[in-house]
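To start, the structure under review is shown below, and the notes come after it.
FYI, side chains are in, hydrogens and waters are out, and symmetry mates aren't considered; it's all heavy atoms of this structure. Heads up: numbering here begins at 1 and tracks the sequence.
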Amino acid sequence: MMLDSLNDRDGNHDVVVTGIGILTSVAANIEEFTHALRNGICGITDSGEEDFGIMAQIQNFNYEDRLSSLNVDHSIFLRAGKAGRRLPRSAQVSIITALQAWKQAFGDTKIYSPSDINILVAGTNFNQGYQYANWRKFQQHRSYIPASYALHFMDTDQVDLLSEILGVQGEGLTVGGASASGNVALLQAWRQIRYGLCKACVVIGAMADLSPVEIQAFKQMGAMGGKRVGAEADKACRPFDRDRDGFIYGEGCACLILESAESVRNRDQANYGRIAGGAMCLDGNRSSDPKMSGEVRAMTSALEVASIEPADIDYVNAHATSSVLGDEIELQALEELFGDHLSNVWVNATKGMVGHCLFAAGLIEAAATLLQMKNGFLHPNLNLINPLENRCRFVGAAAQQEDIHVALKNSFGFGGINTSM
């Protein structure tokens, strides 16, 4: 990602971000999110639920109240009100987040024809908590299952809902990539704009609504953390710290609106920055173990696509889940990529504040990256007391005022899915 002049290259379209929507445990909009980032606010608490324990939970979410506060176009408001009342929670959160970004990018003006806008929803199996609740109803009596469940259990339901509410008639699909899903969707959206397949793209990182089944499975594979902190839940997520013990589940959603720089210039629309390029590669490995070689290939390829040298990078927003092996491997990959320049590159990890938001993580952290760049600061690394590596230029316990021009955003997923933007 870059903050610089917006010039088309080689007949392709430069891609800029014109709208950001966000909903996490620490913020209900970009103003609150920027404040939380600057002040190092942590949204990780003890949920009070035995099955979930420590997590970063979206608090006090009421769909009708959130919708009423957005001041969107009246026709969109009516469609969102009608469509959203009885939806699974993940879909409701996606709608609210998308409407935030849509309002910023387009206001109440019709900029493009409906067929010129695409929708990408990042992630798979969004509604496991919803499915689990309906399975319990099903066990009581089959007739308790609503007919609408036949639509809502499918991931594409979110694509369809957003298409109806926003009046979008271009392409639409879901994009899976485990914990890298947000970055995978962002990469696909960038390509669609870059090569003229559409004029604007709505990219959503859907909230993962997990059930106790998935939480227990993650615990049994040793992936989830929080075992060492006792009652201090806000100390549980410790990216790059020697005392980390696993990821902390976070609820969250983000939406980015991507457009061509040319269109934005023509209507004098403000933007958050340019997406210069990205890349994705596989390890040829279905396990949860990360591979340094794949992470290095993804970052190197992203820089090559963007025509950027490692020495041009000012800042890395790391994947850094607080996992025992994952954080160590990512640091090794950064050392391999940057060499002697590593000590000049700022590094922080947003998951220390909002937990690991799974499918949405890449987009939430892309939003965090752009908001930091736009506002001239870098958020603190929470709970980084004993760093794994002293050569790395980690942001400290307080925000750092800094002008960042070029940033790298990493996201890596189970099954050897490596992405960098």
| message | Show me the pairs that pass salt bridge (Lys or Arg N to Asp or Glu O under 4.0 Å) and involve residues 402-419, at least two apart or across chains. | response |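 Passing the test, one end in residues 402-419: Glu365-Lys409.
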Please report the closest heavy-atom contact between [X] and [Y], naming both atoms and the distance.
X      : Y      : result
Asp51  : Ile215 : O-CG2, 3.1 Å
Val203 : Leu186 : CG1-N, 4.1 Å
Cys237 : Ile44  : CB-CD1, 3.5 Å
Gly278 : Met421 : CA-SD, 3.6 Å
Arg38  : Ala399 : O-CB, 3.2 Å
Ile308 : Ala276 : CD1-CB, 4.1 Å

Do other residues, nucleotides or ligands put more than 12 heavy atoms under 6.0 Å from [X] [atom1]?
X      : atom1 : value
Asp340 : CG    : no
Arg136 : CZ    : no
Arg391 : CZ    : yes
His35  : NE2   : no
Gln216 : CD    : yes
Lys137 : NZ    : no

Distance-only side-chain donor-acceptor flag, [X] / [Y], under 3.5 Å:
X      : Y      : value
Arg297 : Ser293 : no
Asn348 : Gln400 : no
Gln104 : Tyr272 : yes
Ser301 : Glu304 : no
Gln269 : Thr18  : no
Ser420 : Asn410 : yes
Glu214 : Tyr249 : no
Gln57  : Ser47  : no

Side chain proximity check, [X] to [Y], heavy atoms < 4.5 angstrom:
X      : Y      : result
Val229 : Ile54  : yes
Glu171 : Cys201 : no
Ile58  : Met207 : yes
Asp116 : Cys198 : no
Arg393 : Val345 : no
Glu259 : Phe106 : yes
Asn386 : Arg238 : no
Ile117 : Trp102 : yes

Find the distance between [atom1] ([X]) and [atom2] ([Y]) and round it off to the nearest 0.5 Å.
X      : Y      : atom1 : atom2 : answer
Leu303 : Ile313 : CG    : CD1   : 5.0 Å
Glu232 : Asn383 : CD    : CG    : 9.0 Å
Lys374 : Asn271 : NZ    : CG    : 5.5 Å

| query | So which of Gln169, Gln188, Gln192, Lys199 actually passes side-chain hydrogen bond (donor to acceptor under 3.5 Å, both in side chains) with Asn118? | reply |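 Of the listed residues Gln169, Gln188, Gln192, Lys199, the side-chain hydrogen bond (donor to acceptor under 3.5 Å, both in side chains) partner of Asn118 is Gln192.
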| said: As a quick check of understanding, evaluate side chain to side chain contact (heavy atoms under 4.5 Å, CB included) for Ile193 and Ile275, giving each step before the final call. | reply: CA-CA 11 Å; Ile193 302 289; Ile275 299 179; over 6 Å; no
| request: Output, in order, the C-alpha distance, side-chain angles, deciding distance and verdict of side chain to side chain contact (heavy atoms under 4.5 Å, CB included) for Phe61 and Arg66. | output: CA-CA 8 Å; Phe61 178 79; Arg66 296 290 175 97; 3.8 Å; yes
| query | Between Asp209 and Pro88, is there a donor-acceptor pair closer than 3.5 Å when you use the side chain of the first and the backbone of the second? | reply |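 Checked: no pair found.
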| request: Would you confirm whether Asp314, through its side chain, and His405, through its main-chain N or O, come within 3.5 Å as a donor-acceptor pair? | output: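 Yes, because the side chain of Asp314 sits within donor-acceptor range (under 3.5 Å) of the backbone of His405.
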Apply the side-chain contact (heavy atoms from CB on, under 4.5 Å) test between [X] and each candidate in [options]; give the one that qualifies.
X      : options                : value
Ile22  : Thr34, Val354, Ile364  : Ile364
Asn418 : Ser411, Cys281, Pro290 : Cys281
Thr174 : Val159, Leu120, Asp157 : Val159

| request: Tell me, with the steps shown, if Leu342 and Cys392 meet side chain to side chain contact (heavy atoms under 4.5 Å, CB included). | output: CA-CA 6 Å; Leu342 181 64; Cys392 228; 3.9 Å; yes
| request: May I ask you to decide if the ring planes of His319 and Phe412 are parallel, tilted or perpendicular, using 30° and 60° as cut-offs? | output: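 Because their plane-to-plane angle is over 60°, the rings of His319 and Phe412 count as perpendicular.
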| request: Apply side-chain hydrogen bond (donor to acceptor under 3.5 Å, both in side chains) to the pair Ser90 and Gln158, showing each step before the final yes or no. | output: CA-CA 9 Å; Ser90 175; Gln158 290 207 21; 3.0 Å; yes
| message | For Tyr149, run the ring-ring contact (aromatic ring centres under 6.0 Å, His included) check against Trp135, Phe138, Tyr130 and tell me which one passes. | response |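 Of the listed residues Trp135, Phe138, Tyr130, the ring-ring contact (aromatic ring centres under 6.0 Å, His included) partner of Tyr149 is Tyr130.
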